[in-house]
Amino acid sequence: MREGACRFDLWYVQVNWEGSTVYRVRFMKSGQEAPVPSAILRYLAGRTRGIPGLSSIATKGSSVYAAIYREVSLVPYGTTCTYGEVAARVGTSPRTVGQAMARNPTPLIIPCHRIVASRGLGGFTPSVELKMALLEIEGTRKKEM
DNA sequence: CAGTGTTCAGGAT
DNA sequence: ATCCTGAACACTG
């Protein structure tokens, strides 16, 4: 299992991966820089639309959460989707989608920042500022809330 | 058991 | 028009 970290907007982004499978992505306030997959660096720099070539371990499995993560992965770069819409497509409740996002082991790979509330921005761990920064990269209009 | 990164309908201001 | 109340839901401590 390889581990690395890069900086982004006052945060350290720690990545654990092996080959093309990403096991964990975490945002931390402090850390040490170490090599991470270049696709992630390019994405964070706003030079590519999305993160090609990498997949999250969380999309594998038969649980409801895995189904939610797969559905979220289909949301196109630069657009947003609501908790309710995802819930309807998976066949579960909006709250469960929110819970799945909160426990998302691999943000960025699974674009949980593209999931917003029906009215407003919704939440984000560890901070909504980070969510806005990510949407900013993708050029997403933060429409009126 | 309680609590979540929600949402919607229904009713009262 | 806004503000409040409940209910549905899949997991985790």
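Here is how names work: the chains are called A, B, and so on, in the same order as the sequence lines, proteins then strands, and each is numbered from 1. Values in this document were obtained by computation on a predicted structure and should not be read as measured data.
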Among B/dG5, C/dC11, C/dC9, the one nearest A/Ile115 by side-chain distance: B/dG5
I'd like to know if the side chain of A/Lys131 and the backbone of A/Ile115 have a donor-acceptor N/O pair within less than 3.5 Å. yes
Separation of atom CZ in A/Arg103 from atom C1' in B/dG3, rounded to whole Å: 9 Å
Strictly distance-based, threshold 3.5 Å: is any side-chain N or O of A/Arg114 a donor or acceptor partner for the main-chain N or O of A/Val75? yes
Give the rounded distance in Å between these two atoms: CD1 of A/Ile68 and P of C/dT12. 12 Å
Review item, nucleotides 6-9 of chain B N/O atoms under 3.5 Å of protein N/O:
unit_1, atom_1, unit_2, atom_2, d
B/dT7, OP1, A/Ser118, N, 2.6
B/dT7, OP2, A/Ser118, N, 3.0

From the list A/Phe124, A/Tyr65, A/Tyr69, side chain to side chain contact (heavy atoms under 4.5 Å, CB included) partner of A/Met101 resolves to A/Tyr69
Taking C/dT5 as the reference, what is the distance to B/dG3 when you measure between their P atoms (whole Å, please)? 16 Å
Residue matched to B/dC8 through Watson-Crick or wobble contacts both under 3.5 angstrom: C/dG6
In terms of heavy-atom contacts, A/Val128 and A/Gly122 come closest through CG1-O, 3.8 Å
CE of A/Met132 versus P of B/dG5: gap in Å, rounded? 17 Å
Nearest-angstrom distance from the residue atom CE of A/Met101 to P of C/dC11: 13 Å
Examine the side chains of A/Ser93 and A/Thr96 and answer whether a donor and an acceptor come within less than 3.5 Å of each other. yes
Take atom P in C/dG6 and the same atom in B/dA2, then report the distance between them in whole Å. 15 Å
On the 0 to 90° scale, with breaks at 30° and 60°, tag the A/His113-A/Tyr43 ring pair as parallel, tilted or perpendicular. tilted
